[in-house]
Protein chains: 4
Amino acid sequence: MARPASEEKRTAIMNATIGLVAAAGTGTSTAKIAKKAGVAEGTVFTYFSTKEALLSALLLELEGELADILLKDPLPGDEGREDMQHFWNRLIDWGVTNPTKWRTLKRLKISSQVPDSIRTQGERRFDEAAVVLARALARQAGEDANIRYAGIIMNAIAEATFDAIADNPNQRETLKLRGFAVFWGGMAGLSQEGSLTL
Amino acid sequence: MARPASEEKRTAIMNATIGLVAAAGTGTSTAKIAKKAGVAEGTVFTYFSTKEALLSALLLELEGELADILLKDPLPGDEGREDMQHFWNRLIDWGVTNPTKWRTLKRLKISSQVPDSIRTQGERRFDEAAVVLARALARQAGEDANIRYAGIIMNAIAEATFDAIADNPNQRETLKLRGFAVFWGGMAGLSQEGSLTL
Amino acid sequence: MARPASEEKRTAIMNATIGLVAAAGTGTSTAKIAKKAGVAEGTVFTYFSTKEALLSALLLELEGELADILLKDPLPGDEGREDMQHFWNRLIDWGVTNPTKWRTLKRLKISSQVPDSIRTQGERRFDEAAVVLARALARQAGEDANIRYAGIIMNAIAEATFDAIADNPNQRETLKLRGFAVFWGGMAGLSQEGSLTL
Amino acid sequence: MARPASEEKRTAIMNATIGLVAAAGTGTSTAKIAKKAGVAEGTVFTYFSTKEALLSALLLELEGELADILLKDPLPGDEGREDMQHFWNRLIDWGVTNPTKWRTLKRLKISSQVPDSIRTQGERRFDEAAVVLARALARQAGEDANIRYAGIIMNAIAEATFDAIADNPNQRETLKLRGFAVFWGGMAGLSQEGSLTL
DNA sequence: TATGAATGAGCCTTCATTCAT
DNA sequence: AATGAATGAAGGCTCATTCAT
């Protein structure tokens, strides 16, 4: 009956936020976000009750998008190196294609403007992927390898890989391969240290 | 800048900043910093012309401190794994001993309140360490391994290691070993991918 | 203004306003009013062009309701104490029965969000009652007693009486009697001071 | 050492607030207050941490001022009508001399922007005066007359008296006398209704 | 007519920085 | 040099009102 809430506007606000958070951190003002999104300052608050709510929604959205991409295509199915590399390639491709999203996601994950509960909720998006990852990892790093720890390291090496690709875009595939080799080699190192009681 | 009288006050301001940035990010107000440092609000600005100047000085100071620690003790001198592990141990020990410093350093490195020129300048502090690192790395990852890339990954794995140690303080030594194994294994993986022209 | 369709909605808006103004003052937002009334935000403005118009209409309505009540039942007709006490009892009964209306009326009478012209207009609602009051008063306080002055005092003592009854509901009748005694005694005092030329 | 906090500025802010609250209610903006006081917007908050704190301080200050005035001069000492009239005269004189203060005080007493705890605290300022009032009242209205109730009525009649004086300034003394006669007569009426158990 | 999204002025408050003392 | 009061530009958010549906 009334003017319907516009998905388009919501998206515009989110995209503006992605761009600004990537460039200037979560300290960007809602006024700048509104301006960049092409809406009135007040409109931001009809779509997100609070700046915190906006940032939280953005974190969940980005993690959801990434998680979906990891799982979209069928896995090779070897339950080992190839499955893992499949994930790795998806991760790198997404990050390289969406550098500002990646940067924003990274910032949101450590921002004090996003409540811990949201961060926890966001990790849940990766539960499904984590199962596959765990299976593949078990072969390379032993049954009791810690997935969370492996995940953080995978992320970190991906990070370094993005940087390298950003500096040398034409070496993209090589760098992607190399990054995985590092990760996979690291996981092998992990296996040699025996089990831990955490 | 002719250093104002009291070195003590300068240090107090820096320490207060470390604590507050670790806890609340670079958004902390200069007023809070002054209060925690036990000086008047205006005094902050006789030691640092600007909040940006304060944060920049802090970044350089922390990176200097860390760089010094890496080089303080004599190296084993094998120009390989042991030299590298020596660095690794220094890095982890410093981070575990000074968690707020580590956290603050991490935040400053990505803060939009610190100009890029400072960030570049800060990396220079590690030039000397990088030389040693390069030599050691050459053996494990090949002559043309990229130090910057390796450095970023080392940092990342260290980060994951801190988290793990923070959660399980009594496993500190085991986790330190494991972290290094991962790093070293990763570097081995690096070598297998052939040379890159970057 | 051609009254919009639903008298029911108009009433709902007014009632919602009564409740909210009593609780939170004339600063309450039109959005809250709409919500409490169960209508859309915009609907408030099809019934009342302006928030000011809404509050003004409410003031007039409440004063009208109270004035009607004062006159509804037949007076004892002694043109003295009994007529006056009849009014007093109506007034107190209405206030005790409708505490939020009373509270809202009180607030509207001094709100800067209601124009003076409306306040004046509202007083006109009591003209008829004032005639009776004047006659009754003449006996107790002299021919030239000032009705406006007496009215204000009556109101004030009623106010104090409401408070007392709110604190001690079971003493209602006694307090009502006592309040009138105070008022009537005061009017006697008034007569002793001789006439005034106002 | 630093620029000392200026009592003058604090007073300017308070006076500006008195004027604006009298004219427009407690909804007045801190920006307007600052402007009228001739200070920067931020300065308001170096003297009062919060708008609520400002209004609260103002309420306590005004009640304190009024309470002091009631007690300043020596009482006639008859412990009856004359003592009471002494209070009455002080009250009326203050209100007539400071109409905006009176108006502001009235508004603050019912504002939802002042916490109840402050209101309670404010009433305490009148404790000393209340003792005298109670004694005088006992003679006219009986031993068990309720002081709070009497106080409210006194206030209310004073209110009506101010209005009348504002309309007819040259009748000031006569109206003051008349107002007291009404109050005193009302208290006599009170005595006739017998005791209440509240 | 009813709806509620859209608007932008305005609100209270915080903050980096300046400056009188 | 040290202090902290003074400043005014933002900042996040609310609100009365308008307008597309």
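Protein chains get the first letters and strands the later ones, always in sequence-line order, with residue 1 at the start of each. Everything numeric in this text was worked out from a predicted model, so none of it was measured.
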Whole angstroms only, please: what is the NZ-C1' distance between Lys51(A) and dC13(F)? 12 Å
Looking at OG1 of Thr17(A) and NZ of Lys51(A), how far apart are the two atoms once the value is rounded to the nearest 0.5 Å? 9.5 Å
With both distances kept under 3.5 Å, what pairs with dA20(F), Watson-Crick or G-U wobble? dT3(E)
For Ser56(D) and Glu52(D), indicate whether the former's side chain and the latter's backbone hold a donor-acceptor pair under 3.5 Å. yes
Once rounded to the nearest 0.5 Å, what's the spacing between atom CZ of Arg124(A) and atom OG1 of Thr120(A)? 7.0 Å
Do the non-hydrogen side-chain atoms of Thr11(A) and Asn15(A) ever get within less than 4.5 Å of each other? yes
Distance check needed: dC15(E) P versus Leu54(B) CG, whole Å only. 15 Å
Hey, does Glu41(B) have a side-chain heavy atom less than 4.5 Å from the side chain of Thr30(B)? no
Is a side-chain donor or acceptor of Arg119(A) paired with a backbone partner of Val114(A) at a separation under 3.5 angstrom? yes
By nearest-nucleotide position on DNA chain E, the 5'-leaning member of Lys9(C) and Gln113(D) is Lys9(C)
Residues in contact with DNA chain E, drawn from residues 22-48 of chain A - heavy-atom cutoff 4.0 Å: Val39(A), Ala40(A), Gly42(A), Thr43(A), Thr46(A), Tyr47(A)
Given atom CD1 of Ile13(C) and atom P of dA16(F), what is their separation to the nearest angstrom? 14 Å
